[in-house]
Amino acid sequence: MEEMKWLEVTLDTTEAQLDGLCARLTGNGVTGFAVEDEEDFKTFLEQNRQYWDYVDEDLLEKMRGVCRVKFYITDDADGRAQLKQWLTGIEQPYTLTSLGDNDWAHSWQKYYKPMPVGERIYIVPEWERDKAVPEGKTPLYLNPGLTFGTGSHASTQLCLMGLEEYTVPGKPVLDLGCGSGILSIASLVLGASSAVAVDIDPKAVDVAYENAALNGIGKDRYRVLAGNVITDESLVRELAKEKYPLVLANIVADVIIPLSARAGEFLTEDGVFLCSGIIDTRADEVQAALEQNGLQVFRRREQNGWVSLAARMAR
Ligand SMILES: C[S@@+](CC[C@H](N)C(=O)[O-])C[C@H]1O[C@@H](n2cnc3c(N)ncnc32)[C@H](O)[C@@H]1O
């Protein structure tokens, strides 16, 4: 089979514009982008000190204040059409670098290792599934492919910790912005009866079904839909036909704020809305939006500058 070729897309930005740019990219459907800044560069230099005979001062000077976002597209007509859609409304200049035959999509796998999260969950990459699972842990087998949701990101971990507490055994779960499906599948392995998951990125549908299957969960218990939970009114109405004791939404502040106006429609009377993907500087704004829409925040978790909020409808 012919090897897929990839292009690296690099957008140069500034720290002040970074949040807005990331929110816009996520809103346009880009998943799995990386942010590089001066700090990363210094860490890289530090970690590789043994390989440097001297530090290139010119290069250091060039990296001062640098802030860039990178993601990948396939090097073909589909990739370029996708890029056009992903850059809608974005004015920053970008560069394209050909990665040739470099199979980057698999190179990250060597850094993705089994990891415990919270009290019970033990994330196991699919290709490590023969390894022993520590006693008392519940394995969650995953291959996130090109979707967001490896379990390494703080926003995902905060949700996993929360859902260990709020999953109601024998009851359904709704997962908005499901990416790899990691959160809803975690709830299912912890005893939820069934789950519905949604993502704006159509790639997420197959990936989430495949991940569910890795955990012995079939389509009888898991339904994955592609759609926008803010703008797709018929999707929102369809989702709201069922009521859930747990609704998960690890997206971004700019999506959670408008979503907070609809969250009550999905919840059972006592149900928990667990939202994440919130940069700490925006957590108060998200909390205010939830409260304006009749939800009361009862738990805030924080990790590495990210925040998750758990809320219930106020009585
Ligand atoms: C931060 S990732 C979370 C993925 C996974 N749930 C996790 O916890 O790791 C956010 C996901 O939300 C999706 N998303 C962003 N905006 C959305 C929208 N308006 N409607 C549905 N999904 C959206 C993105 O495609 C992405 O997969």
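Values below: every heavy atom of this structure, side chains too, minus hydrogens, waters and symmetry copies. First listed ligand is number 1; within each ligand, the first listed atom is number 1.
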Does the N or O separation between Leu183 and ligand 1 drop below 3.5 Å for any pair?
no
When you measure from atom 4 (C) of ligand 1 to each heavy atom in Gly277, Gly177, Ala23, which option holds the nearest one?
Gly177
When you compare ligand 1 with Thr26, is there at least one nitrogen or oxygen pair between them that comes in under 3.5 angstrom?
no
Under a heavy-atom criterion of less than 4.0 Å, does Cys178 contact ligand 1?
yes
Do Asn250 and Ser155 have side-chain atoms, one donor and one acceptor, less than 3.5 Å apart?
yes
For Ser180 and Asn211, which heavy atoms make the closest approach, and how far apart are they?
O-ND2, 3.0 Å
Residues passing the side chain to side chain donor-acceptor pair (under 3.5 Å) test with Glu302, sequence neighbours excluded, are none
Would Ser276 count as a contact residue for ligand 1, given that I'm defining contact as a non-hydrogen atom of the residue lying under 4.0 Å from a ligand atom?
no
Flag, side chain of Arg312 to backbone of Gln296, donor-acceptor distance under 3.5 Å:
no
Partner residues of Ser184 under the side chain to side chain donor-acceptor pair (under 3.5 Å) criterion, sequence neighbours left out
Asp175, Tyr222
Atoms of ligand 1, numbered as shown, that sit under 4.0 Å from any heavy atom of Gly227:
20 (N), 21 (C)
Do any nitrogen or oxygen atoms of Ser180 lie less than 3.5 angstrom from nitrogen or oxygen atoms of ligand 1?
no
For ligand 1, is any non-hydrogen atom under 4.0 Å from Thr231's backbone (N, CA, C, O), its side chain (CB onward), both, or neither?
neither
Ion pair present between Arg301 and Glu165, side-chain N to carboxylate O less than 4.0 angstrom?
yes
Proximal atoms of ligand 1 relative to Asn228 (non-hydrogen, under 4.0 Å)
18 (C), 19 (N), 20 (N)
Test of proximity, Val229 against ligand 1: N or O pairs below 3.5 Å
yes
Name the option, out of Asp232, Leu176, Asn250, that contains the heavy atom nearest to atom 1 (C) of ligand 1.
Asn250
Taking NZ, NE, NH1 and NH2 as the nitrogens, is one of them in Lys243 or Asp270 under 4.0 Å from a carboxylate oxygen of the other?
no
So does Arg300 pair up with Asp284, basic N to acidic O under 4.0 Å?
yes
State whether the shortest distance between N or O atoms of Asp199 and N or O atoms of ligand 1 falls below 3.5 angstrom.
yes
